[in-house]
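The figures here come from the full heavy-atom set of this structure, side chains too, leaving out hydrogens, waters and symmetry mates. Every number for a ligand or one of its atoms is a count from 1 in the order of the listing.
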Amino acid sequence: MLEQILQELKPYGARLVAVSKTKPNEAILDIYTQGQRIFGENKVQEMVPKHESLPEDIEWHLIGHLQSNKIKYIAPFVHLIHSVDSLHLLQEIDRQAQRCNRIIPCLLQIKIAKEDSKMGLSETELLQMLESPAFHALQHVDIQGLMGMATHSDDPGLIRDEFRSMRQLFESLQNNYFGKASSFRELSMGMSDDYHIALEEGSTLVRIGSLLFGAR
Ligand SMILES: *Cc1c(COP(=O)(O)O)cnc(C)c1O
């Protein structure tokens, strides 16, 4: 399955985050030995022991909701946090990154789905954050792009519209705010059920779990 997914990503130049939440180390090692290095987890308490017991060259991506009191456990090693949904959280990531003497790459999670259950910043909240002096004071986070989850739906048109509006927001921020030469380059969208649409709409990072590891 890994090989097939990688072949599908290739023409788009997108990368795979293998979402290993709830899966045991053996399942991760199986994919690792086939060459995969980026793994995604949604819980700090699950990522930390996996980081400690699995190969050091795995790049751990946090994709789930993050509580500010747990950042300290992943700050020394996390490769990318996809799920930043408030300035408060970003300030705490910045503080913990400074303590570790590093810069932590982050994506801003945008609420694109109509469903209430999905987390993320609204476009208004995002723009307010980007204009705030507190945001500009941060020195130990690197904002590398946006993440979003589409509505869980059978309607491919709805999913496409949501991904497309996120890409448009991404491009307008790239052109008018961060700049093309900045590290603001990643658009994390697409999961097992909708990654084909996400790729067509410009995703650079797809987060795939069940298709790769089997149902949870
Ligand atoms: C679980 C999860 C995924 C992967 O979902 P699958 O449908 O198993 O591919 C992707 N993104 C986030 C944020 C997740 O929590």
query = Once the angle between the rings of Phe135 and Tyr177 is folded into 0 to 90°, is it parallel (under 30°), tilted (30 to 60°) or perpendicular (over 60°)?
reply = tilted
query = Quick one: are Leu121 and Gln109 in side-chain contact, heavy atoms under 4.5 Å?
reply = no
task = Determine whether more than 12 heavy atoms belonging to other residues, nucleotides or ligands lie under 6.0 Å from atom OH of Tyr73.
result = no
Salt-bridge criterion met for Arg164 and Glu201 (N-O under 4.0 Å) = yes
inquiry  = As a test of reading the model: which residues have a non-hydrogen atom less than 4.0 Å away from ligand 1?
reply    = Val19, Lys21, Ile63, Met149, Met191, Ser192, Arg207, Ile208, Gly209, Ser210, Arg216
ask   = Which of parallel (below 30°), tilted (30 to 60°) and perpendicular (above 60°) describes Phe39 and Phe213?
value = tilted
query = Less than 4.0 Å between a side-chain N and a carboxylate O, is that true for Glu200 and Arg160?
reply = yes
